[in-house]
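Quick notes on the structure that follows.
Since this is a predicted model, take the numbers as computed values, not measurements.
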Amino acid sequence: MKHATTTNGLVLVGNPTYKEFDSLPDYQGQKMTIRVWIDKPTSPTQVNIWTNKGGLYGNAIETGESGYSTVTGVIPTGFTNWNIVIGGRIDNNEFSYKELKLELGTVPTPWSPAPEDLRKD
């Protein structure tokens, strides 16, 4: 589990420079689901995919609670700027998270490590 503290209300987990999620523009116009387990935030916290052409906003995990924040929708088309964030509206919100997964389709599947995370070099 990763521990996070928000800056400007958010923790950036994906944008064009993040290797894990750098291909979001390839999925414009397609249905996708993003889900993450959020553990005991100090203020309401959710996962979001934001683009300059619209966004997808997950359900909030309330202060002190734990659970999945999930959102399913169509990735906007024609965007030139985007990011994937976990957070809320206040700075210095603290929480832990795990099992972040972005996938095609409308049904979240169980989280599993990526094959490259299992390789022993």
Report yes or no: does [X] contribute a side-chain atom to a donor-acceptor pair with the main-chain N or O of [Y] at less than 3.5 Å?
| X | Y | answer |
| --- | --- | --- |
| Lys101 | Pro110 | yes |
| Asp39 | Ser96 | no |
| Asn48 | Val85 | no |
| Thr45 | Ser43 | yes |

Could you check Val71, Thr70, Val47 and say which one makes a side chain to side chain contact (heavy atoms under 4.5 Å, CB included) with Asn59?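 For Asn59, the side chain to side chain contact (heavy atoms under 4.5 Å, CB included) check succeeds only for Thr70.
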[atom2] on [Y] to [atom1] on [X], rounded to 0.5 Å:
| X | Y | atom1 | atom2 | value |
| --- | --- | --- | --- | --- |
| Ile49 | Met32 | CD1 | CE | 7.0 Å |
| Asn8 | Ile90 | CG | CD1 | 12.5 Å |
| Leu24 | Thr51 | CG | OG1 | 8.0 Å |
| Gln28 | Phe79 | CD | CZ | 4.0 Å |
| Asn52 | Asn81 | CG | CG | 5.5 Å |
| Ile84 | Ile34 | CD1 | CD1 | 4.5 Å |

Could you tell me which residues satisfy ring-ring contact (aromatic ring centres under 6.0 Å, His included) with Trp37, sequence neighbours excluded, listed by chain and number? Tyr68
Quick one: does Gln30's side chain get under 4.5 Å of Ile75's, heavy atoms only?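 No; the side chains remain at least 4.5 Å from each other.
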Side-chain heavy atoms of Ile61 within contact of Pro44, under 4.5 Å: no
Among the clusters formed by ILVMFWY side chains lying less than 4.5 Å apart, do Leu56 and Val107 turn up in the same one? no
Are Tyr27 and Val13 grouped together when hydrophobic residues (ILVMFWY) are joined by side-chain heavy atoms under 4.5 angstrom apart? yes
For Glu94 and His3: C-alpha separation, side-chain torsions, deciding distance, then whether side-chain contact (heavy atoms from CB on, under 4.5 Å) applies. CA-CA 7 Å; Glu94 293 187 37; His3 184 76; 3.3 Å; yes
Angle class for the Tyr97/Phe95 ring planes (parallel below 30°, perpendicular above 60°, tilted otherwise)?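 Tilted, since the angle between the ring planes falls between 30° and 60°.
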Side chains of Asn92 and Thr5: is there a donor and an acceptor less than 3.5 Å apart? no
Show the nearest heavy-atom pair for residues [X] and [Y], with the distance to one decimal.
| X | Y | value |
| --- | --- | --- |
| Gly29 | Thr77 | N-CG2, 3.5 Å |
| Gln46 | Tyr57 | NE2-CB, 3.7 Å |
| Ala4 | Val11 | CB-CG2, 3.7 Å |
| Leu10 | Gly88 | CD2-O, 3.9 Å |
| Pro76 | Lys53 | CB-O, 3.8 Å |

Stepwise side-chain contact (heavy atoms from CB on, under 4.5 Å) test for Leu12 and Thr7: CA-CA 9 Å; Leu12 183 67; Thr7 302; over 6 Å; no
Going by the side chain to side chain donor-acceptor pair (under 3.5 Å) test, name the single residue among Thr33, Thr72, Thr109 that passes it with Glu103. Thr109
